[in-house]
Each structure stands twice: as structure tokens, then as C-alpha cells.
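This report refers to the structure that appears directly beneath it.
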Number of protein chains: 2
Amino acid sequence: MENQEKCNGKIDVCSDHVIHQDTLNYIYERALNDSTVNDLAEFFKMFGDPTRLRILHALSVAEMCVCDLCEYLGMNQSAVSHQLKILRHSRLIKYRREGRNVYYSLDDEHIGQIMKVGLEHLMENK
Amino acid sequence: MENQEKCNGKIDVCSDHVIHQDTLNYIYERALNDSTVNDLAEFFKMFGDPTRLRILHALSVAEMCVCDLCEYLGMNQSAVSHQLKILRHSRLIKYRREGRNVYYSLDDEHIGQIMKVGLEHLMENK
DNA sequence: GGAACATATAAACATATTTTCATATATAAA
DNA sequence: TTTATATATGAAAATATGTTTATATGTTCC
């Protein structure tokens, strides 16, 4: 094999880029598969929008009906319902109807934990 | 005050929506402030894209140079550098130059923890 | 049944994000 | 100093996301 021993003394077999084949092999062995990566990204995406994050945080404090949430968020009902729908589809929240009102609450024990670790990160980085 | 005692027997003071004022007060007292919410959302947003998530996961396994990452991700160098820039600005990764290569690694101890909790969530929900 | 209220949703709109393309910068080697 | 290599970046293109507007659905009260 030609093209060996470049890139700071490590092995290289790539066509036009210098790479560390040993490191790559190591990473490939430990890589998450595509569907896991996509699902995980979708999960974290839920926490990546201020509106949804405020909803999740509020629901971690108490069960709330939609109009409570609209008032709390200062947003119109449609926008809130849209975000609730997204969170519902991600199975992060659940709901129950009581008369005309629909009450939302968390449906996942990891939500509090995730937000906690995130907040710890913020604290430690000023 | 008029408009009291509606909405399932709970107190209500809102102009045109029925709300639970007691719940709202409780939530308001515990609410995160705006800048915290925004910072936290920005932090989680980093984990909410498959490309960035794969980068973060790979770097949690080993330090890597940019061309390693391009090969691993199967993406062109520019796209990878753009994501690295975003992760750098969020202070999640750091880099060191060694000759022509730039080596990236994680710059935050919470990253592994966050991904771990996320993966636990996936496992427990099939 | 009809009116009023709470919530949901489709479609349009506005904005943000990611990737690509072209090019710039930095370092090393010749 | 010229050339090659590795990485970075601005701008455009492609795509995704969030909010608004208008309307539909489900429930209660009369």
C-alpha cells in the first residue's frame, strides 16, 4: 500500500485526504447507528426552542391547561397548541380532557434530569 | 372582582380566557428567567441536529482532526467546519492546531451526561 | 338544538438553519 | 517563494421551523 505513514506518523489510506485510520476505526466501532442518532436529535430538539423549553419547565412544576399556558407564555392559543402537539408526538407530554379543558403534564421522567444537567452546565459557565 | 369561581371551581381573573390563577402564581414563582431559558435552549439546540450530535458523540470517544471527521460523517469539509464553528462558539468543543491539522475535542463534562440521559430515554421508550 | 367556550389544525407567512459553492487563510514542504 | 495541503468563512441555495390567520372540532350550558 502506498500513501502510508503520512499525517504525523499515523496510518493513512484515504483517497485525497490525510486521515488517522486507527482513530477512525475506533470511532466506527463505537458509533451510534443512524436511526439512534436521528431519534436522539429529535429528542433534544424538543429542548432547543425557548417556547417548548418554557412549556416543559412549567409542566415539570405543575399540570396545566392550555389557557393557563397561553397566559403564562404570553402567546396566542394556536401557537401554544402547535407546540403542544409537537411535544405530544415526541411523547414528552401527555394530556387528559376534563370538560372543555385539556390538561397537559410531563410524560417522561428524563425531562427534569435533562433540564437539570443543562442548568448545571449554565451555572458552571458563568 | 367579577369573573371569579369559573373554570372547575378555581379562581379566574383573566380578561377573556378562563385560567387557574393559583397554578399560574405557583408557576410564575418558579419560572426560569428569559435569558436562562434562551441560553438553555441554545445549549440543547446543539444536540438537536444529527450532524452535530454525531460530532459530539465522536469527540466523546476520541479527539479528531477535521479530515477525520469529514470522512467519518461522509460530509464535505465546509459543512463540517461550519458545524464545528457553531459548537466552538457554544463552548462545547475546543481545538488545538498541530501543523496543518486542527484537532477538536470536547470542552464540557456535561456532554457525555446529556447524551447518556437521552439514550436512556430512547431505550426505555422502545 | 343552538350559542358559547376551549382546544386543535391546515395553510400561509416569516424566519432560522444547514449545506453547498467559491474563495480565503494558515502551515508545511519543495 | 512557489506549491500543496488542511481548515475557515462569506454568500447563495435548499430546507426546516415557528408563528399567525382562519377555521374546524369537541364540550358544556341554555
Side-chain angles (χ1 to χ4, degrees), chain A residues 3 5-10 12 14-20 37-38 41-42 44-55 63-71 73-90 93-104, chain B residues 3 5-10 12 14-20 37-38 41-42 44-55 63-71 73-90 93-104:
Chain A
N3 262 32
E5 298 297 317
K6 296 207 306 187
C7 201
N8 308 306
K10 301 208 177 94
D12 158 47
C14 187
S15 51
D16 57 309
H17 293 308
V18 176
I19 56 171
H20 304 97
V37 167
N38 290 334
E42 285 305 311
F44 286 125
K45 202 173 283 182
M46 294 304 109
F47 299 83
D49 171 76
T51 300
R52 282 193 299 268
L53 196 55
R54 292 179 75 205
I55 292 174
E63 177 188 67
M64 292 177 83
C65 72
V66 178
C67 63
D68 285 347
L69 278 166
C70 293
E71 174 71 17
L73 299 168
M75 292 175 65
N76 72 54
Q77 181 266 316
S78 177
V80 174
S81 275
H82 274 292
Q83 294 301 346
L84 289 171
K85 183 187 195 176
I86 292 169
L87 291 168
R88 235 163 48 215
H89 286 158
S90 296
I93 62 176
K94 59 178 189 277
Y95 65 96
R96 66 183 176 86
R97 183 177 272 278
E98 192 177 301
R100 297 188 264 221
N101 297 301
V102 174
Y103 291 85
Y104 281 91
Chain B
N3 264 31
E5 298 297 317
K6 296 207 310 189
C7 203
N8 307 307
K10 301 210 177 92
D12 157 48
C14 187
S15 51
D16 57 309
H17 293 309
V18 178
I19 57 171
H20 304 96
V37 167
N38 290 334
E42 284 306 309
F44 286 126
K45 202 174 282 182
M46 294 302 109
F47 299 83
D49 171 77
T51 299
R52 282 194 298 267
L53 196 55
R54 291 179 75 205
I55 292 174
E63 177 188 68
M64 292 176 83
C65 72
V66 178
C67 62
D68 284 347
L69 278 168
C70 293
E71 173 72 17
L73 299 168
M75 291 175 66
N76 72 55
Q77 181 267 316
S78 178
V80 174
S81 275
H82 276 293
Q83 294 299 346
L84 290 171
K85 184 187 194 175
I86 291 170
L87 290 168
R88 235 163 48 215
H89 285 158
S90 296
I93 62 176
K94 60 176 190 277
Y95 65 96
R96 65 183 178 84
R97 184 177 272 279
E98 192 176 300
R100 298 188 264 221
N101 297 300
V102 174
Y103 292 86
Y104 281 90

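Note that these values count all heavy atoms, side chains included, but never hydrogens, waters or copies made by symmetry. Predicted, not measured: the structure shown is a model, and the values here were computed from it.
Residue A:Arg100 holds its CZ atom at 11.0 Å from SG of A:Cys67, rounded to the nearest 0.5 Å. A distance of 13.0 Å separates CG in A:Leu87 from NE2 in A:His82, rounded to the nearest 0.5 Å. Separation of atoms CE (A:Met64) and CG (A:Leu69) is listed at 4.5 Å; rounding is to 0.5 Å.
Judged by distance alone, with hydrogens and angles left aside, the side-chain atoms of B:Arg52 form a donor-acceptor pair with the main-chain N or O of B:Lys45 at under 3.5 Å.
The side chain of A:Lys85 places no N or O atom within less than 4.0 Å of a non-bridging phosphate oxygen (OP1 or OP2) of D:dG18. Not one side-chain nitrogen or oxygen of B:Tyr95 sits closer than 4.0 Å to the OP1 or OP2 atom of C:dA26.
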Heavy-atom protein contacts under 4.0 Å, nucleotides 24-30 of chain D, coded B base, S sugar-phosphate only, - none: ---BB--
Base-contact (B) and sugar-phosphate-only (S) positions in nucleotides 18-25 of chain C, heavy-atom cut-off under 4.0 Å, - elsewhere: SBBBB---
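For B:Tyr95, the side chain to side chain donor-acceptor pair (under 3.5 Å) test picks out no residue, with sequence neighbours left out.
In this structure, A:Glu71 places its CD atom 13 Å from P of C:dA6, rounding to the nearest Å. Here the P atom of nucleotide D:dT5 and the CG atom of B:Asp68 are 17 Å apart, to the nearest Å.
Pair check for C:dA30 finds D:dT1; Watson-Crick or G-U wobble, both atom distances under 3.5 Å.
With contacts defined as side-chain heavy-atom distances shorter than 4.5 Å, the pair B:Glu42/B:Ser90 does not qualify. Between B:Gln83 and B:Met75 the shortest side-chain heavy-atom distance does not fall below 4.5 Å.
Distances were taken from every side-chain heavy atom of B:Leu84 (C-beta onward) to each of C:dT9, D:dT7, D:dA8; the shortest belongs to D:dA8.
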